[in-house]
Amino acid sequence: MSAPVVTRFAPSPTGFLHIGGGRTALFNWLYAKRFGGKMLLRIEDTDRERSTEAAIAAILDGLQWLGITWDGDVVYQFARAARHREVAEKLLAEGKAYYCYASPQELEEMREAARAAGKPMRYDGRWRDRDPSEAPAGVKPVIRLKAPTEGETVVDDQVQGRVTWQNKDLDDLVLLRSDGTPTYMLAVVVDDHDMAVTHVIRGDDHLTNAARQTQIYQACGWDIPMFAHIPLIHGPDGAKLSKRHGALGVDAYRSLGYLPAALRNYLVRLGWSHGDQEFFSTEEMIAAFDLSGVGRSPARFDFAKLEHLNGHYMRASSDEELVKAIEVILPEVGPAKGAPAQLSPELRAKFVAAMPGLKERAKTLVELIDSAYYLYAQRPLSFEPKAEQLLADGGRARVAALLPALKALPEWTAASTEGAVRAFAEETGAKLGQVAQPLRAALTGRSTSPGLFDVMAVLGREESLARLEDQAAKA
RNA sequence: GCUCCCAUCGUCUAGCGGUCUAGGACGUCGCCCUCUCACGGCGAAAACAGGGGUUCGAGUCCCCUUGGGAGCGCCA
């Protein structure tokens, strides 16, 4: 009987949930689901200066939007400080850790000297074997781990393979700060142990930390969890995905008009693969996910591919789902694009009716809103340059000539208007496109749109004829 | 500087010694479909970083070089 799988996502609340964190959370979640285990959520808020309530809210909100759930209550690391200190003091009592009275300035000098000499920048262990009686008066000491000086520390990583460090290269890290609060290194180990975490899946910027944490586990005599360090996501330029390179919070992707399912599918394929499969439903992801499929090299973030996936998921969505998704972001992105912040029942009905033609042509919800301009546009319409050109180049005359036939239609449907327009084109010896394009321009203000006759059907007789008359009058 | 990690088309990747004249996807470029734009279909260009080994045989194993990345805090 092996212990049930327990993974955890442990962000520090110093900012929004960025895309890399989102993927880490996704991998942890998938792994837990795959093996019938649990994913825990721990907020690493021991940095009291930088942790904020707003960031915690943003992270929780981001996870929720992505559809990633966690088991049990959220664990706040700062609340466990007493337990962390207890472990540090236990190690101290057992002789596996010691008080270090070196001042920050002393440490800085040590680093400077090492840098100047081209040596590794490590703590030199000056208090490791000194008697506490030599302690300078009035200095609050930190507690450092008495790390092994010989031999090696090995991390058997599920993604990176077997990674080895010479212990002489690792220094005595601080476990407890002079103010009695735990360092990240200690807190992570104690929490993961107490939370019974079996698999630590995180970014490979933590790979070196895994070695140092392994030493803490060993000093405590605890079982070491499986480690899996996944490669980082880079920006399109290959550099680290940083804020200045446009690293966005997941909330930004929502505003950009991406669907959670699309982002999840994009993210899971960034660094992980399952043969040639590109599309994964959530169920398929869970069934197929494993650490053995995770690659070791960093991936660049590619918006073009994300857009393609998003278009795929939009087309696969029902009209009603799409309109609902639009309504979520409309208050935020609508007004700026000249669209309403909310859909009236009448407009909403038009959106639903036009959705089949609209969703074929958009890659994001924002594009969808934009291309639906003709639905919420008020007369007189504004025209894009290309549309204006179509009308100016004899288009208005054609619209005017065709108008009587459309007005005479006994019923107003896509089929009936199409019949009238085709008949008109045939009579006048024009190609359908020569008639359709000016009509499109007059009706939508654009040179591109969903099928012309669907547009007229959704707009209705009255509005369609009014827009056409607006142009015919100027012919 | 020191330690560690990585390296297949522009990008994400398949490949786990022979089935690779290297496959898929995005993007790009043609053609088809067509009332526009998309979607869809068909097709094309496009990669094993370089050099040494090991082996009957290397994209696949080892070493070096080069190029990326991460870490080196009383931050997380």
Side-chain angles (χ1 to χ4, degrees), chain A residues 10-14 44-47 49-51 77 100 102-104 107-108 111 114-123 140-144 155 157 160-161 163-166 169-171 173-179 181 183-185 187-188 203-209 211-212 229 231-232 234 236 238-240 266 269-279 292 295-309 311-312 315 357-363 371 386 390 418 421-422 425 431-437 439-441 444 446-453:
Chain A
S12 59
T14 54
E44 311 225 310
D45 56 351
T46 54
D47 184 339
E49 293 296 307
R50 300 195 295 155
S51 297
Q77 191 161 61
C100 168
S103 67
L107 262 17
E108 186 49 40
R111 278 191 283 271
R115 188 194 308 273
K119 300 265 196 175
M121 296 179 270
R122 302 188 288 111
Y123 170 68
K140 300 276 267 179
V142 301
I143 294 179
R144 283 184 187 271
V155 171
D157 197 274
Q160 305 292 339
V163 186
T164 305
W165 286 264
Q166 296 304 310
D169 293 331
L170 269 15
D171 60 3
L173 63 280
V174 174
L175 297 173
L176 207 67
R177 291 190 268 260
S178 53
D179 65 358
T181 61
T183 59
Y184 160 78
M185 220 55 90
V188 169
D204 75 7
D205 49 336
H206 286 283
L207 186 57
T208 340
N209 290 339
R212 324 193 76 184
H229 290 91
L232 267 21
H234 289 178
K240 186 187 179 186
Y266 178 71
R269 283 285 292 101
L270 219 48
W272 175 78
S273 61
H274 185 65
D276 282 339
Q277 190 172 349
E278 296 286 347
F279 295 104
S292 62
R296 280 161 301 179
S297 52
R300 298 187 187 198
F301 196 90
D302 180 14
F303 271 101
K305 190 155 185 175
L306 206 211
E307 293 219 330
H308 177 265
L309 278 174
H312 172 89
R315 273 173 265 129
L358 250 20
K359 69 184 177 190
E360 283 296 319
R361 297 167 168 76
K363 291 204 179 352
S371 64
K386 282 183 182 173
L390 283 168
E418 176 163 7
V421 172
R422 283 189 186 278
K431 287 186 178 173
L432 185 55
Q434 292 175 298
V435 183
Q437 280 303 82
L439 275 180
R440 187 188 313 283
T444 68
R446 308 280 173 87
S447 61
T448 66
S449 82
L452 182 61
F453 310 111

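Convention: sequence-line order gives letters A, B, ...; per-chain numbering from 1. Only this structure's heavy atoms are used, side chains among them; waters, hydrogens and symmetry mates stay out.
- For A/Asp302, whose side chain is taken as the heavy atoms from C-beta onward, the closest listed nucleotide among B/G24, B/U11, B/C35 is B/U11.
- Using a 4.0 Å heavy-atom cutoff across all strands shown, A/Arg440 reaches at least one base atom of the nucleic acid.
- A/Ser178 contributes a side-chain N or O that forms a donor-acceptor pair with the base of B/C74 under 3.5 Å.
- If you check B/A76, B/C5, B/U3 against the side chain of A/Leu207, the one that comes closest is B/C5.
- Side chain A/Arg296 to base B/C6: no donor-acceptor pair is found below 3.5 Å.
- Remark: B/U28 base-pairs with B/A44; criterion is Watson-Crick or G-U wobble with both hydrogen-bond distances under 3.5 Å.
- For A/Arg361, the listed nucleotide lying nearest its side chain is B/A38; candidates were B/C35, B/A38, B/C74.
- Pair check for B/U54 finds none; no Watson-Crick or G-U wobble contact set falls under 3.5 Å.
- For A/Arg422, a side-chain nitrogen or oxygen approaches OP1 or OP2 of B/C35 to under 4.0 Å.
- As judged by a 4.0 angstrom heavy-atom cut-off over every strand, A/Glu278 is placed among the base-contacting residues.
- For B/G71, its base never sits under 3.5 Å from the side chain of A/Asp205 at any donor and acceptor pair.
- Looking at heavy-atom distances under 4.0 Å, A/Gly271 makes contact with sugar-phosphate atoms alone, never a base.
- Using a 4.5 Å cut-off on side-chain heavy atoms (C-beta onward), A/Arg315 and A/Glu360 make contact.
- Sequence order on RNA chain B of the closest nucleotides to A/Leu270 and A/Arg315 puts A/Leu270 first from the 5' end.
- Checking the phosphate oxygens (OP1, OP2) of B/A76, a side-chain nitrogen or oxygen of A/Thr46 falls inside 4.0 Å.
- For A/Arg300, the side-chain atoms get nearest to B/C12 when compared with the rest of B/C6, B/C12, B/G27.
- Backbone-only engagement by A/Arg144 is indicated by non-hydrogen atom pairs under 4.0 Å involving sugar-phosphate atoms exclusively.
- The partner of B/C16, taking Watson-Crick or G-U wobble pairs whose two distances both stay under 3.5 Å, does not exist in any strand shown.
- Here the side chain of A/Asp276 is nearest to one of B/A76, B/G24, B/C37, namely B/G24.
- Nucleic acid contact class of A/Phe279 (heavy atoms, under 4.0 Å, all strands): none.
- Base pairing of B/G67: its partner is B/C6, meeting the Watson-Crick or G-U wobble criterion (both donor-acceptor distances under 3.5 Å).
- At least one side-chain nitrogen or oxygen of A/Lys363 sits closer than 4.0 Å to the OP1 or OP2 atom of B/C39.
- Contact annotation for A/Asn209: base contact, defined as any heavy-atom pair under 4.0 Å involving a base atom.
- Here the separation of B/A45 from B/G24, taken at their P atoms, is 12 Å to the nearest Å.
- Residue side chain A/Arg122 does not reach the base of B/U3 through any donor-acceptor N/O pair under 3.5 Å, judged by distance alone.
- Among the heavy atoms of the strands lying under 4.0 Å from A/Pro450 is at least one base atom, whether or not backbone atoms are also near.
- B/U60 is unpaired under the criterion used here, namely a Watson-Crick or G-U wobble arrangement in which both key atom distances are under 3.5 Å.
- Sequence order on RNA chain B of the closest nucleotides to A/Ala436 and A/Thr208 puts A/Ala436 first from the 5' end.
- Distance from the side chain of A/Ser273 is smallest for B/U13 among the nucleotides B/C74, B/A76, B/U13.
- B/U36 is unpaired under the criterion used here, namely a Watson-Crick or G-U wobble arrangement in which both key atom distances are under 3.5 Å.
- Listed nucleotides: B/C74, B/A7, B/C12. Nearest to the side chain of A/Arg111: B/C74.
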